[in-house]
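Throughout, a chain's letter reflects where its sequence line sits, starting with A, and its residues are numbered from 1.
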Amino acid sequence: MSTELEQSYDPKKVETKWYKTWEESGCFDGEVKNDRDSFTIMIPPPNVTGMLHMGHVLDNTLQDIFIRRARVESKSALWFPGTDHASIATQVKVEQSLRKQGTSRRELGREKFLEKAWEWSDEHGGIIFNQLRNLGASCDWRRSRFTMDPEYQRSVISSFVELYKRGFIYRGKRLVNWCPASQTALSNEEVIMKPQKGKLYKMRYEIVEEPGRFVEISTTRPETIMGDTGIAVHPEDERYADLVGKHCWRPFPRAEIVIVADRAVEKDFGTGVLKVTPAHDQVDFDIGKRHDLEVIDVMNPDGTLNDTAGEEFAGMERFKARKLAVLKLEELGLLVEIEDYDNNVGFSERADVPIEPRLSEQWYLKYPKVEEAKRAVENGTIKFHPKRWEKVYLHWLNNIQDWCISRQLWWGQRIPVWYKKGADRSDPENWHVSVDGPGDPENWEQDEDVLDTWASSNLWPFATFGWPSDDPKVKAELDYFYPTSMLVTGFDIIFFWVARMIMSGLELMGEEKETLTDEEIEKRVPFKDVFIHGLIRDSKGRKMSKSLGNSPDPLDLIKKYGADGLRFGIINIAPNGSDILFAEERIEIGRNFCTKLWNACRFRQMAGGVSGEQSLEAIVDRLAGSQLEGYGNWILFRLLQTIEDIEGQFARFEMHQLTHTLHNFFWGDFCDWYVEAAKAMLQLKDDPRHDAALAVSDLSIRQSLLLLHPIMPHITEELWSSMGYSENGGFLQDSGLIKASELRSLFESKGVKIDEGGAQRIEQVKELITQARATKAEYKVASKRDVTLFVTPTDAASSTVIEDNLDTIKRLAGAATIELREKVENLPGSVSALGTVYLDLSSAVDVEAEKARLSKELERLGKAIQAGTGKLKNPKFVDKAPPTVVEGARKQLAETQAKHDEIARLLKSL
RNA sequence: GGGGGAUUAGCUCAGUUGGUUAGAGCGCUUGCUUGACAUGCAAGAGGUCGGCGGUUCGAAUCCGCCAUUCCCCA
């Protein structure tokens with residue numbers, strides 16, 4: 001059944017209709033089908049309150065392409081959706097809103113605050129799912145998971161307990177990255193180093209043992225002077241060798257502090273003397289440890305100075321305190337100079353304030369299965385695309401440090417550790433660690449902290465299925481869908497997420513084992529292929545941000561260009577793994593291509609005869625046994641090539657090539673050449689070529705729709721149904737995409753011969769037509785469709801080819817008559833492999849212009865001949881290069897030479 | 001300081017193991033209501049592939065150095 005297409009394509013109508021139909025039919029549902037291969041992708045869960053931005057468009061379009069491709073390849077595809085609670089990001093937002101309401105989380109208390117947070121996530125959550133639906137994302141929405149779902153929380157807690165039991169989780173007191181705004185510890189990955197223009201303050205401390213002698217010290221942080229418990233010099237620094245072991249005066253609060261020698265000091269930095277503040281700097285902390293220096297914490301959790309810092313400083317904000325400290329140094333006559341200094345300062349990723357190294361007790365994870373995680377990538381069990389990201393991943397693993405997983409936040413999975421009331425929390429004797437808590441809760445109090453968001457999302461590939469569970473359904477699904485097929489994400493979360501998922505999968509998806517074999521690694525990894533794409537930037541290469549206003553709303557773009565147009569456009573401009581410079585006009589190509597597809601199908605309908613059965617076999621049957629004319633053979637040959645190209649591109653993850661290949665075939669080959677040539681055949685009455693042209697068109701369009709469907713699902717579904725390709729009302733995805741090799745066999749079995757030689761002859765015909773058009777354009781008669789052309793064929797074979805295709809040449813070149821002649825003189829002509837084509841001009845030829853044009857061409861060919869001759873004369877080339885290359889060079893030279901001679905003759909004849 | 005990219009037409013990018021006269025889209029110029037499509041059709045201009053050296057019969061492609069530039073990590 002076919003339906004007549006409307007005159008113009010209305011994306012909104014078509015997209016809304018089909019998305020609803022698909023979702024209601026359950027065709028996105030991922031099911032265990034043991035007779036089919038599974039293909040699974042876990043969505044990188046967006047923040048629960050997130051809104052769709054261009055990065056999501058790219059990431060999810062790519063995933064949808066892989067998923068839909070898997071469906072047309074008859075795999076059982078599952079695209080698992082969900083959202084992330086984004087502990088710190090969400091909590092920051094909720095706290096902001098509380099502040100507006102004149103309250104705070106501390107005022108509300110934990111329970112009330114969590115109620116508010118849930119309200120917030122219910123209210124703002126899930127919007128992005130509908131936005132993804134607008135984009136056409138074919139997720140199995142029934143399964144949607146949220147990392148704060150009770151079942152998911154239970155998975156997270158179970159993993160903590162399990163990893164604790166296995167000895168990977170411990171409590172430690174050390175310097176952490178402290179965010180004074182959010183008042184929580186952060187992991188190293190959440191700290192962003194930013195270059196800052198600061199000051200370097202040079203000051204002098206008096207030596208206790210030698211009054212009147214001073215030592216000069218450089219620092220960027222004078223506000224921590226009160227926490228100094230020593231100063232350090234390099235042991236090989238002769239300038240200060242005699243001072244080691246002596247003391248100097250800390251100016252405020254005035255106290256004697258010791259001078260130590262330590263290799264961590266950079267001799268060449270500043271004066272070569274370092275003030276040591278063990279409580280507020282990692283290097284200083286380490287030095288202090290080595291020399292047994294006192295640790296004096298002078299700051300409050302919110303970044304203000306505390307009472308220890310002294311009366312003047314207590315309660316003062318840290319940057320104000322810096323100014324005051326400088327002032328005091330000056331008053332004491334201890335400030336030597338201030339210079340400008342550029343250094344890198346760590347900022348909290350979420351709160352965007354400088355972090356403060358702070359001594360505190362936190363939970364740490366010693367990463368499990370680090371060696372296996374490396375091996376999985378090194379031995380190819382997991383492949384990154386593009387491959388260069390493997391180096392980045394391995395480099396990080398080689399320098400890995402324990403992960404601080406506790407956060408002083410409330411929104412998240414609470415750490416399943418209980419402390420005996422009134423007992424020392426540092427002593428593991430007083431801990432209870434379990435999923436369900438102690439049996440006598442009245443005697444215990446639970447750890448107040450929650451887990452880092454990424455400590456829950458790193459379980460995403462299996463916790464979503466219900467792990468850990470003895471439920472047979474959970475086991476069967478994990479068995480079928482895990483390891484998932486691939487992960488599609490940006491490079492910015494390789495450390496945060498990708499690497500951690502790999503390690504948690506290796507540790508937890510199986511029995512506890514010290515080390516894993518390659519076979520075990522293969523079963524436990526969370527995915528096989530990691531497709532890494534770039535970030536979307538604006539046309540000037542800047543990051544997209546709300547404040548710059550350079551971030552278009554994808555929903556507006558969908559309104560303007562259609563979801564399919566946007567999808568095609570964004571994939572089309574996405575280079576191979578590097579960042580994408582987005583400019584709205586660059587996605588017009590997507591919308592235009594939709595229009596082209598639509599109109600090509602409309603034209604096909606207007607040619608009539610689309611009421612019959614349109615299955616692949618039925619169409620091929622219409623061609624069975626007949627000798628295809630040149631163009632039919634050519635376009636089907638190109639179709640086979642295109643199918644093959646696309647197969648290779650998917651296999652190699654060359655997503656940046658897909659749109660180019662398909663656009664080139666459908667627009668450049670099918671519409672611009674085949675359809676135009678077919679118009680000539682469609683005029684023929686009672687001629688087998690007429691029906692063959694229709695069948696070839698049907699075949700080309702049908703297979704193109706199948707190939708394009710993953711990129712442009714809505715319009716292809718609409719055309720699939722309207723053109724009558726749908727069998728029994730089924731969706732395009734269920735029709736089964738035939739492989740190039742299978743299609744070739746089908747052709748053979750039906751006696752449809754597709755030959756390469758014939759396709760090459762049509763390429764020559766196309767060249768001849770192009771030359772004729774060019775000559776017409778040169779003589780300003782491009783728009784005349786009734787010119788007379790003369791052709792002098794190169795040889796008898798060429799003559800036959802031209803005669804066989806005379807009708808289409810006439811039509812495509814715009815000629816009323818074409819005569820084959822032995823010899824033509826005094827007319828402008830152009831040389832092609834098949835022969836020279838001349839334009840019959842009633843008016844006089846512009847001899848000078850023609851001479852100039854031909855001379856230019858002659859010069860170009862002359863150079864090519866020189867290069868070719870030189871190469872072939874070189875015995876080293878002839879001896880060493882492969883015979884096919886030499887043969888090709890000979891053939892090329894002969895053809896060039898023939899053209900050259902012909903043009904020289906033309907030039908002479910003028 | 002360590003590591004990873006990038007450098008090809010005015011712009012954004014392709015260019016698979018080295019092998020014809022280096023391609024595409026956009027932009028630009030010219031001409032077109034050609035049996036669906038002006039979101040279209042046709043023709044055209046435009047590149048010593050960042051520089052220097054090396055390997056090779058042959059280099060945009062492999063190697064080295066340099067320059068410019070972006071990113072990650074410390």
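Whole-Å rounding puts the A:K876 NZ to B:G18 P distance at 21 Å. Between A:K776 atom NZ and B:G44 atom C1' there is a gap of 16 Å when expressed in whole angstrom units. The separation between A:L812 atom CG and B:A42 atom P is 10 Å, rounded to whole Å. What separates CG of A:N572 from C1' of B:G25 is a distance of 7 Å, to the nearest Å.
For the side-chain contact (heavy atoms from CB on, under 4.5 Å) criterion with A:I493, the lone passing option out of A:F496, A:F495, A:F491 is A:F496.
Under 4.0 angstrom from either OP1 or OP2 of B:U34 there lies no side-chain N or O belonging to A:K784. When the side-chain nitrogen and oxygen atoms of A:N576 are compared with OP1 and OP2 of B:A14, none of them lie within a distance under 4.0 Å. At the phosphate of B:G15, OP1 or OP2 sits under 4.0 Å from a side-chain N or O atom of A:H656. Taking only side-chain nitrogens and oxygens, A:R773 comes nearer than 4.0 Å to OP1 or OP2 of B:A43. For B:C41, one of the phosphate oxygens OP1 or OP2 lies less than 4.0 angstrom from a side-chain nitrogen or oxygen of A:K596.
You won't find any donor-acceptor pair under 3.5 Å spanning the side chain of A:E778 and the base of B:G44, going by distance alone. For A:E676 against B:A42, no side-chain N or O and base N or O form a donor-acceptor pair under 3.5 Å. Residue A:K679 places a side-chain atom within donor-acceptor reach of the base of B:A36, judged by atom type and a 3.5 Å distance cut-off alone.
Ionic pairing of A:K13 and A:E6 is present here: one or more N-O contacts between side-chain nitrogen and carboxylate oxygen are shorter than 4.0 angstrom.
In this structure B:U21 sits in no base pair that meets the Watson-Crick or G-U test at under 3.5 Å. With a 3.5 Å ceiling on both atom-pair distances, B:A59 lacks any Watson-Crick or G-U wobble partner. With a cut-off of 3.5 Å on both pairing distances, B:U34 has no Watson-Crick or G-U wobble partner at all. Pair assignment for B:U68 gives B:A6, based on Watson-Crick or G-U wobble hydrogen-bonding distances that are each under 3.5 Å.
The same atom, C1', is picked in B:C37 and in B:A22; the two are 32 Å apart, to the nearest Å. B:G54 and B:A14: their P atoms are spaced 30 Å apart (whole Å). Here the separation of B:C11 from B:A74, taken at their C1' atoms, is 37 Å to the nearest Å.
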